[in-house]
Amino acid sequence: MIWLEPSAYLLRVVDRPPGELPPYRVLGTIMAPSDDIAILVGLHGRVRPAEIRQFLVEMRLLGFEWLLARRVNGHGLPYAEPMAGDIWDGWLGIDL
């Protein structure tokens, strides 16, 4: 038996209604390895703190408790704190 589970979401921030198919300003992929942990990967663009807050509320409404991200080249993520522990070195986390 094979089944597919929803395990990824696409984050797209646009400046016009989505029905108009505007170009994105921010694009990212959210992987969901479990019911309560989401991992933000491949974030591209400039996201405003208010947009991050809205995104975090939406993730919490979906049932996630943690958002994790690994950012490179000194890039951060608003509201995120460095994670501690061997496997989390270099990761940022937000307790939703």
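Below, each value reflects all heavy atoms present in this structure, side chains not excepted, and no hydrogens, waters or symmetry copies.
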Under 4.5 Å side-chain linkage, directly or through intermediates, the cluster mates of Leu61: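 Other cluster members: Val57.
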With ILVMFWY side chains joined below 4.5 Å, transitively, what does Ile87's cluster contain besides itself? Met31, Ile37, Ile39, Val41, Trp66, Leu68, Met83, Trp88, Trp91
With a 4.5 Å limit on heavy-atom distance, are the side chains of Leu96 and Ile94 in contact? yes
For Leu43, the side chain to side chain contact (heavy atoms under 4.5 Å, CB included) test, sequence neighbours excluded, returns Leu11, Val26, Leu40, Arg71, Leu77
Nearest 0.5 angstrom please: Phe55 CZ to Leu67 CG, how far? 5.0 Å
Quick one: side-chain hydrogen bond (donor to acceptor under 3.5 Å, both in side chains) pairs with a partner in residues 31-47, sequence neighbours left out? Ser34-Asp36
Pairs touching residues 47-59 that satisfy side-chain hydrogen bond (donor to acceptor under 3.5 Å, both in side chains), sequence neighbours left out: Arg25-Glu51, Arg48-Glu51, Arg53-Tyr79
Taking all non-hydrogen atoms of both residues into account, name the closest pair between Ala38 and Ile30 and its distance.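 Answer, listing the atom of Ala38 first, then Ile30: CB-CG2, 3.7 Å.
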